[in-house]
Amino acid sequence: MRALNATHDPALRSWVGSAQAPQADFPLQNLPFAVFRRARHDEAFRGGVAIGDQVLDLAGLARLPGWPDPVREALAAAAQPALNTLMGLPGARRSALRAALSGALREGSALESSLRPHLIPQDAVEFTVPAVIGDFTDFYASIHHATAVGRMFRPEQPLLPNYRWVPIAYHGRASSVRVSGVDFARPRGQILPRGASVPVLAPSQRLDFEMEVGVYVGPGNAAGTTVPLEAAEEHVFGLCLLNDWSARDIQAWEYQPLGPFLAKSFATTVSPWVVTLEALAPYRAPLARPPGDAPPLAYLDGAANREGGAIDLTLEAWLETAAQRAAAAAPVRLTRSSFAHAWWSIAQMLTHHTVNGCDLRPGDLLGSGTQSGPQPQEAGSLLELTAGGRQPLTLPGGQTRSFLEDGDRVILTGWCEREGYARIGFGSAAATVLPAPPA
Ligand code: CA
C-alpha cells in the first residue's frame, strides 16, 4: 500500500476539467470513496468516487459491461449502500479498482463517453456515513495533546509513564458517528459546579471539538489472532477527517476511574470522503521520535514503521459562529497542525488493538485522538487553545470564545502535498451546535 505506482503520477490529467483546478481536493491522483445519493431524490445510497467537483456513481459503473473480473467484483462491492464489503476486499482487489478508475478517468480514455452519464455534481448530492461502523475505538496518539492536557491536571507529571509504551484508547460509541452536515444538540449531563460537592444535571458549558483523523479498518482479523506490525497496513482501508466532540465539564466529573463515557458519546462527525491508504503513499513520513528515545516493545517496532509509519496530513479547524454567518463573514481558522506529529502510527494502533486477540472487522472506525502539534497554536482542541477556558480567543468582530456556543459551526479540513506530487484533499467535516433540548 506504500508503493508508488502509475496512479500517483503527478502528470496525470482527467477529462473532468475541475479535477485540474488549482488547490482542488480531488484530482485524479486522489480518488476517495463516499456513500451518496442525489439530494431530494427517493433513491438508494451507493458508493461513489470523487473527481474534481463531481461524484462518479459506482453503482452505475458496476452495470457497465467489459470490466475485468477483479474490477467487476470491487465495483459490485462499491455499489452497495455501505462500503464494508469493499473495505474488506484484499488489497490487490482494491488496488485493481483504483487503477481501473484512474485509467477510465484519464484524458484520452476510450471510456469517457460511457462514464459521463454517471457523473453527478457534488453540490447536488447528500452523503451518509460510508460504512456500517461496528465499533469505534478512539486512541490518544498525539503526545503533544496528552502532555498539554496532562499539564492542566497534573503539573508535576504532565505525561503519565505508560504513554510512551502503550497506545492509549477507549471504546467509543458507533451509533452516534454522523456524516458531515448533521447538526446535533448540546449534550446534557452530570456536572460538578466549582466548589460544590453535589453534581447537577445541566447542559454542558464546556463543549469542545477534537481535531482527529479517522481510520476505517479494511480486511479484519480472526478472533484470537494478532495482526503483526509489518502486516497492519494491509488491514487499513483509508482515512477521513473526524471531530470527536467533547463535553469537558461532563468528562471531568465522570472519567475516573474508567475513562470517558457520556462526555464523548453524543456525537462524532466524520467527513464523507475516505482517502485510501494507497492514495496517501507519496506523503509518508518518518515516525516522529526524539533521537535516543527508548524504542517501543518489539511487537510495536519495525524499520518500515520507523521510516515511513507517519503520514504528513495537514489538518485545520475553522469556526463559523452564528453572528459570522448572519453577517456573511468568513469562518476563522482556529488551528493548523499535521498528523505527522503523532507519537503512534496507524500500524502501531491497529497491531496493539489486536495484541490480545480482539477481532477487528471491515468498516470498524479508529480515531487517532486529538492531533496537536508541538507549538501551542497547533493545538487540536479549545481546551488547549484557551488554556482550559482561562484565556478566551478573540474572534474578528470582537466576539470571544472559551468553549463552543450554540450556533457555532466547526469545520475540519485536511490535505497532503509534497514537492513532486499532486496535492490531494480530504474535503471537510462540519457540524453546528444546536441548543440543548428543554429539560
Ligand atoms: Ca477523542
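For ligands, and for the atoms within them, numbers begin at 1 and follow the listed sequence. Quick note: numbers below take in every heavy atom, side chains included, and nothing from hydrogens, waters or symmetry partners.
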Would you list the atom pairs, donor with acceptor, under 3.5 Å between side chains in residues 421-439 and any protein atom, with sequence neighbours excluded?
residue : atom : partner : partner atom : Å
Arg423  : NE   : Gln23   : OE1          : 3.2
Arg423  : NH1  : Gln23   : O            : 3.2
Arg423  : NH1  : Asp25   : OD1          : 3.1
Thr432  : OG1  : Arg409  : NH1          : 2.8

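Partners of Arg336 under the salt bridge (charged side-chain N to carboxylate O under 4.0 Å, His left out) rule, at least two apart in sequence or in another chain, are Glu316.
The list of side chain to side chain donor-acceptor pair (under 3.5 Å) pairs with a residue in residues 192-205, not counting sequence neighbours, reads Ser204-Asp249.
A distance below 6.0 Å separates the ring centres of Trp245 and Phe184.
Within the 4.5 Å cutoff, no side-chain heavy atoms of Tyr283 are placed close to those of Glu417.
For the Ca ion (ligand 1), the set of protein N/O/S atoms nearer than 3.0 Å consists of Asp138 OD2, Glu210 OE1, Glu212 OE2, Asp244 OD2, ordered by chain and number.
More than 12 heavy atoms of other residues, nucleotides or ligands sit less than 6.0 Å from atom CD of Glu156.
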